[in-house]
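Working notes, structure below.
Just follow the structure's listing: the first ligand is 1, and inside any ligand the first atom is 1. Side chains included, hydrogens not; waters and symmetry mates left out as well; all remaining heavy atoms used.
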Amino acid sequence: MLISNQPIVGSGIGGSSCSYFLRDQLKDDIDIDLYEANEIGGRLATVKYEDKIYEVGGCIIHERNKYMNTFREKFQLKKIADNLDEILTIRDRDGFQFCSSKSAIITYAKMIWEYGFMSLFRLHKFISHLLDQFDNIYNLQENGEAFSTVEDLFAAADPKFLTYFNISAKEGFASYVHLNEKTVDDLVRATIRVNYGQTTDVHLFLSSVSVAGMFGTLWGIQGGNRQVPELLVQKSIVNFLNNRVVKIAYDEPHKEYVVESVSKLAAEKLVKSYDVVVIANPITGDSKTPIEFVNFSTPISVSGQYQRTVATLVAGNLNASYYHWHKDNVPDVIINNDDDVVNSIGKIKPVIKVKKVKTHVWKIFSQRPLMESELKAMFETPKVIEIKDWLAYPKYEKLNVLDGNFVLHDRLFYVNAIEWAASAMEMSVIGAKNVALLVEKEILRSTGKVERHVKERKFEKEEL
Ligand SMILES: CC(C)=CCC/C(C)=C/CC/C(C)=C/CSC[C@H](N)C(=O)O
């Protein structure tokens with residue numbers, strides 16, 4: 001029986017998994033209008049070059065990411081391992097370079113020499129412990145527990161997480177984890193730079209996710225990660241609207257939301273009313289597709305900004321002399337730990353295994369678009385394949401995670417609130433599951449259907 005018609009705004013990994021969870025939880029009781037201004041997948045995107053496909057957006061999945069692993073298995077998609085044999089170089093602010101080796105044993109020995117055994121051991125132990133505590137979130141969600149805020153969700157998993165949101169990586173890794181300065185300034189900073197384009201001023205939790213992303217067993221989806229949101233949408237059986245939502249007005253007398261959108265091609269206007277709305281796109285002030293919220297007694301606004309990160313895919317050979325390397329000794333990945341406009345440069349492999357590629361493809365992450373002259377200095381004969389100017393992840397320096405609200409207004413939900421804890425595919429799916437549980441609870445409450453009990457929990461400060 002249809003008891004609700006509901007829109008989801010955005011079909012990235014957050015919006016697509018939210019529609020999948022809603023369909024799974026509410027079966028035929030719900031109709032879903034999925035609004036997407038561009039293409040399914042959002043920040044998961046691929047590009048083709050010389051008949052090969054390359055990732056330009058979110059690319060790595062961790063072995064402990066339960067939801068992404070489950071989706072991959074359910075959809076019978078194959079894993080493609082992250083580059084294991086690559087030579088990685090961390091370029092320091094004062095000219096120091098850490099260089100890994102093709103042999104894992106030699107790399108570990110070099111790391112112990114540079115950073116010290118105890119510091120690396122403590123780092124590993126801390127990340128493993130966090131991953132174990134993080135697993136509690138899956139248990140809570142399996143039990144149907146839903147939370148209104150990011151703070152409540154993480155506190156229920158482990159109240160200590162709140163401490164990690166409130167301290168910078170620089171201070172936290174020194175005072176809680178007792179790492180030496182070099183490990184934090186070089187190694188931890190490098191992971192943050194390559195994953196989030198930021199510094200050790202970000203909060204400790206985010207930097208731990210970033211470190212986990214560098215040291216765990218990592219993989220991507222063979223053929224491209226964007227197949228996951230595409231299949232999630234397909235399995236959710238939605239009414240797909242290739243429209244950009246421009247306005248959400250609250251109709252107080254009817255307790256409804258009036259969603260106004262424009263179609264991509266014909267710029268036709270569509271106006272529809274709903275009792276529950278899910279937003280799965282960033283709605284910070286810097287959003288490229290802003291939504292106007294009208295008739296709300298308290299303004300709907302989300303503080304903070306996203307970090308601009310430009311991904312440039314270039315085919316060609318890196319110029320050894322650019323970073324003063326010998327031509328036979330050019331690394332596969334370079335992380336610039338100084339304040340260079342280029343965060344990192346990495347040789348990337350196609351998402352379907354091939355024996356050999358004709359031309360190597362490199363992915364450069366920078367803080368602004370690179371000029372032709374800069375690319376010509378870096379590469380012998382650069383051929384630009386793709387430039388993606390992303391608002392990729394939040395700027396984390398301000399430590400404002402705890403402002404994250406999944407509930408923007410009565411029955412108006414926001415998946416992306418979770419990104420202030422950390423931005424990664426798995427995090428978006430966790431945010432989506434939480435919102436799907438909140439929606440289920442709301443629908444059951446409003447219709448008096450209470451067969452499945454979905455709990456909503458608020459974190460009590462005394463639990464700390
Ligand atoms: C509590 C900890 C340490 C981790 C939580 C589990 C988790 C979300 C792991 C993700 C690790 C990962 C893939 C990090 C990479 S950062 C995002 C990346 N740039 C991307 O999405 O491509």
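Within the 4.0 Å heavy-atom cutoff, Ala422 does not count among the residues contacting ligand 1.
A salt bridge between Glu55 and Arg226 is absent, with no side-chain N of the basic residue lying under 4.0 Å from a carboxylate O of the acidic one. In this structure, Arg43 pairs ionically with Glu419, as a charged nitrogen and a carboxylate oxygen lie closer than 4.0 Å. Using a cut-off of 4.0 Å between Lys/Arg side-chain N and Asp/Glu carboxylate O, Lys110 and Glu114 are scored as not salt-bridged. The residues Glu230 and Lys235 are annotated as not salt-bridged, no charged nitrogen and carboxylate oxygen being separated by less than 4.0 angstrom. A salt bridge between Lys433 and Glu145 is absent, with no side-chain N of the basic residue lying under 4.0 Å from a carboxylate O of the acidic one. Using a 4.0 Å cut-off between a side-chain N of Lys or Arg and a carboxylate O of Asp or Glu, Asp185 and Arg189 do not qualify as a salt bridge. Asp132 has a carboxylate O that lies under 4.0 Å from a charged side-chain N of Arg64, or vice versa, which qualifies the two as a salt bridge.
Close contacts between ligand 1 and Leu131 involve ligand atoms 2 (C), 4 (C), 6 (C) [criterion: under 4.0 Å to a heavy atom]. Each of the following atoms of ligand 1 lies closer than 4.0 Å to a heavy atom of Ser208: 3 (C). Atom numbering of ligand 1 starts at 1 in the shown order; those under 4.0 Å from a heavy atom of Ser423 are 17 (C).
Counting only non-hydrogen atoms, the option in Ile137, Thr309, Asn65 that gets closest to atom 7 (C) of ligand 1 is Asn65.
Scanning the protein for heavy atoms near atom 22 (O) of ligand 1, the closest one is Cys59 N, 2.9 Å. Among protein heavy atoms, the minimum distance from atom 21 (O) of ligand 1 is reached at Gly58 CA, 4.0 Å. Among protein heavy atoms, the minimum distance from atom 16 (S) of ligand 1 is reached at Tyr196 OH, 3.2 Å. Among protein heavy atoms, the minimum distance from atom 13 (C) of ligand 1 is reached at Ile60 O, 3.4 Å. Of all protein heavy atoms, the one closest to atom 19 (N) of ligand 1 is Asn195 OD1, 3.3 Å. The protein non-hydrogen atom at the shortest distance from atom 12 (C) of ligand 1 is Gly213 CA, 3.7 Å. At the top of the distance list for atom 11 (C) of ligand 1, counting protein heavy atoms only, stands Val209 O, 3.8 Å.
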Before giving the answer on side chain to side chain donor-acceptor pair (under 3.5 Å), spell out for Asn343 and Arg193 the whole-Å C-alpha distance, their side-chain angles and the decisive distance to 0.1 Å. CA-CA 6 Å; Asn343 301 338; Arg193 186 94 162 128; 3.1 Å; yes

